[in-house]
2 protein chains.
Amino acid sequence: MRNTTIIDIAKKLKISASTVSRALNNYPDINEETKKQVKQLAKKLNYWPNPIARSLKSNKTNVIGVIVPEIKHDFFSSAISGIEEVAYHSGFTILVCQSNEDYEREVINTNALMHQRVAGFIVSISQTTTNGDHFQALLDRKIPLVFFDRAFNDIPTYKVIIDDAKSSCIAVTHLIERGHKKIAHLSGPIAMDICKQRLKGYKNALKKASLPIMKELIRYGGLQESDGYTSMDSLLRDNIIPDAIFAVNDPVAIGAFQRIKEAGLRIPQDIAIVGFSNNKITSLIEPPMTTVNQPSFEMGKKAAEILIDMIEKRKNGYTNKTVVFEAELIVREST
Amino acid sequence: MRNTTIIDIAKKLKISASTVSRALNNYPDINEETKKQVKQLAKKLNYWPNPIARSLKSNKTNVIGVIVPEIKHDFFSSAISGIEEVAYHSGFTILVCQSNEDYEREVINTNALMHQRVAGFIVSISQTTTNGDHFQALLDRKIPLVFFDRAFNDIPTYKVIIDDAKSSCIAVTHLIERGHKKIAHLSGPIAMDICKQRLKGYKNALKKASLPIMKELIRYGGLQESDGYTSMDSLLRDNIIPDAIFAVNDPVAIGAFQRIKEAGLRIPQDIAIVGFSNNKITSLIEPPMTTVNQPSFEMGKKAAEILIDMIEKRKNGYTNKTVVFEAELIVREST
DNA sequence: CCCACTTACGAAAACGATTTTTTAAATGCG
DNA sequence: CGCATTTAAAAAATCGTTTTCGTAAGTGGG
């Protein structure tokens, strides 16, 4: 079954294709009677303009490119849900790629989507990305780009993030208020801005409380569960038993959590623990874990709203290039 | 910065566009020397064929349409991860839509993607879908379609599923072997095939053990956590306290789990419970929950492999239209 | 040397829409 | 009535590729 084209309609009505096009698009110099006939027949034949032909002419699509490290991660899948929700209501669809935390793949994905002429990009960068040329190429071509959560700092575009330093400071201060003094921080790849910021918040909290910052209490690793397990393990192997852990994110916290349990230590009596992101699991483990709630769904929605605004050149509203979401500390039984 | 076209190359080399095209596509009737020159210049100018122009000509794209009820759900986001993984390695990208369990939106999404000329569809239907005309329309247009997990039964196409009845029977038999006799089943929308099959498995297990099938022990609801809570609540309100629960899926099981705890009943001493899907949370709650592991990532990968096979008309391999994955019962402390 | 055949390439059509330009007919005004 | 203007529609160009058809040279065999 072939799709109806504008030419099919034109032939049936014995008029030209251009007239059909203009009738359907409500151009003023088309006779009302003609318009009516064209629209009727279009409906009857189930006509739908071919978006590919349109895109070829306009060099634009109604597709938003989304690149995240891993689709199946709680935070990202929830953000993608939010993006799709907003996109759907604005007539856009989303093309989703995962970088698998791999810089090369992020570059390939970015280029592929660029050549597919997506209308704009929403990106959370991979752990291993330290070069931003592929994003600069987008700006050079005036392709709208919005970062969320993990932004590439040197690229001047919109960013939807939380105040990582502030939230971290609040989280660590909470630990201090509970009487903890020997607080370890399980950090991530320090090249990443979110890791830097969370480390900064950790240090600030200690400083404010006049507690020493001890290098051996800070461990660097990746952002996965296994990395948290390893980092915690390295502390224990060094015979360091902190009385509290602040993890750079929830998977790392969960990994540390498992290692702590394996060591026969009690949470929170022996070691308290705070995560970051409010992944669903944190509320369901025993004991439930204190964590920082990042409103992932809302951040996705906001990123999409900003991007669509940029695409449609309605530049109103967003005078500040960085939108900071409020992250709130959710206190549970692990502290 | 405009993108380089085939015509730019043609002009610079003072040859025709068609020659450039054929040179790049390695046609035999182009002089080797010409080919070399064209390819060199293409590389130098950073030429990349415009996929939109190609698609217009071929009426095909390198895009796979994916429609799921909700992106942020564990099972689906993990399956999408698998789909993307396979798609990426075959040069496809994925256009992802969520139906939000809404039939109307599923239809709209299907049509939108169809008009965008996606090369094929991978779909898991919404809870409220009882009419399959929008899928039939795809088959009529010879657009490849693969269902996974939640298939629409009357549409004759490939399905990647697990044997729900068998797995359910195994799960319930496991409960019976543990000595449980008053086993309730929290079911979902009974119009959905997976719900029918899981109910069937539940009944079969009881029959095999010569246990009575009691209507009041079977409760119907939705597929969300809140539905599980409600169904469990309705049992308790009727003063029915089963000694075991078999839930149609993990969210429903978790909802019931919460209601059971609220009632002050112990798991598994008072009520044992089995879920379905092996969502990550089931292993992290206290006590960890017995559940049926559906290999979501692998099912996504398989669905993508089959679809790409169909797209590329390599029909080898898949003689059976239904691919059944082995689901395995993961026994944990809730039983 | 001539005709058939190969080689290598160009011209043009096609994909389906939009948009610019052109044209024909109708209308208005002095 | 005649010229200018408006109205409504057709024709043609365009987007970037692919593909069909055609053709000018060059080659080889008789």
Side-chain angles (χ1 to χ4, degrees), chain A residues 1-39 41-42 45-63 91 112 114-119 141 143, chain B residues 1-39 41-42 45-63 91 112 114-119 141 143:
Chain A
M1 221 195 300
R2 242 185 77 261
N3 288 303
T4 310
T5 75
I6 233 169
I7 298 178
D8 298 331
I9 297 176
K11 279 188 184 155
K12 289 224 179 189
L13 293 179
K14 294 193 202 301
I15 57 179
S16 78
S18 47
T19 304
V20 175
S21 171
R22 296 144 74 91
L24 290 170
N25 290 300
N26 259 322
Y27 274 54
D29 60 348
I30 297 291
N31 186 294
E32 282 304 327
E33 180 56 31
T34 314
K35 277 188 192 174
K36 218 176 88 186
Q37 285 189 355
V38 169
K39 285 178 184 175
L41 186 58
L45 297 181
N46 210 1
Y47 170 78
W48 197 309
N50 181 331
I52 295 178
R54 264 194 182 158
S55 292
L56 181 60
K57 190 90 219 297
S58 64
N59 208 25
K60 263 182 198 164
T61 62
N62 275 297
V63 177
M114 182 179 81
H115 284 109
Q116 288 200 36
R117 306 298 196 276
V118 296
R141 287 162 197 246
I143 300 172
Chain B
M1 220 197 299
R2 239 186 78 263
N3 288 304
T4 312
T5 73
I6 235 169
I7 297 177
D8 299 332
I9 296 175
K11 279 188 183 153
K12 288 224 180 190
L13 293 180
K14 295 191 201 301
I15 57 179
S16 77
S18 44
T19 304
V20 174
S21 171
R22 283 180 294 198
L24 291 170
N25 291 301
N26 259 323
Y27 274 52
D29 61 346
I30 297 292
N31 186 293
E32 283 302 327
E33 179 56 30
T34 314
K35 277 187 192 174
K36 216 176 91 186
Q37 286 189 357
V38 169
K39 285 178 183 175
L41 186 59
L45 297 180
N46 210 0
Y47 169 78
W48 196 310
N50 182 331
I52 295 178
R54 266 196 180 158
S55 293
L56 181 59
K57 193 89 220 300
S58 64
N59 207 25
K60 263 184 197 164
T61 62
N62 275 297
V63 178
M114 182 179 80
H115 284 109
Q116 288 199 36
R117 307 298 195 275
V118 296
R141 287 160 198 249
I143 301 173

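Chain naming here is simple, since letters A, B, ... match the order of the sequence lines and numbering starts at 1 in each.
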So which nucleotide from dT17(D), dA10(D), dT19(C) ends up closest to the side chain of Ile15(A)?
dA10(D)
Looking only at the side chain of Ala53(B) (C-beta and beyond, no hydrogens), which of the listed nucleotides dT18(C), dT18(D), dG16(D) gets closest?
dG16(D)
At under 4.0 Å between heavy atoms, what does [X] touch on the DNA or RNA strands: base, sugar-phosphate, or nothing?
X: Ser58(B); result: nothing
X: Asn59(B); result: nothing
X: Thr34(A); result: sugar-phosphate

Axial bend angle, the helix from dC1(C)-dG30(D) to dG30(C)-dC1(D): five-pair end segments, nearest 10°
60°
With no hydrogens and no angle check, do the side chains of Asn62(A) and Arg54(A) hold a donor and an acceptor under 3.5 Å apart?
no
Any [X] side-chain nitrogen or oxygen under 4.0 Å from OP1 or OP2 of [N]:
X: Tyr27(B); N: dT19(D); result: yes
X: Thr19(B); N: dC9(C); result: no
X: Ser21(B); N: dT17(D); result: no
X: Asn31(A); N: dA8(D); result: yes

Between the side-chain atoms of [X] and the base atoms of [N], is any donor-acceptor pair under 3.5 Å?
X: Arg54(B); N: dT19(D); value: no
X: Arg117(A); N: dG16(D); value: no
X: Ser18(B); N: dA11(C); value: yes
X: Lys57(B); N: dT18(D); value: yes

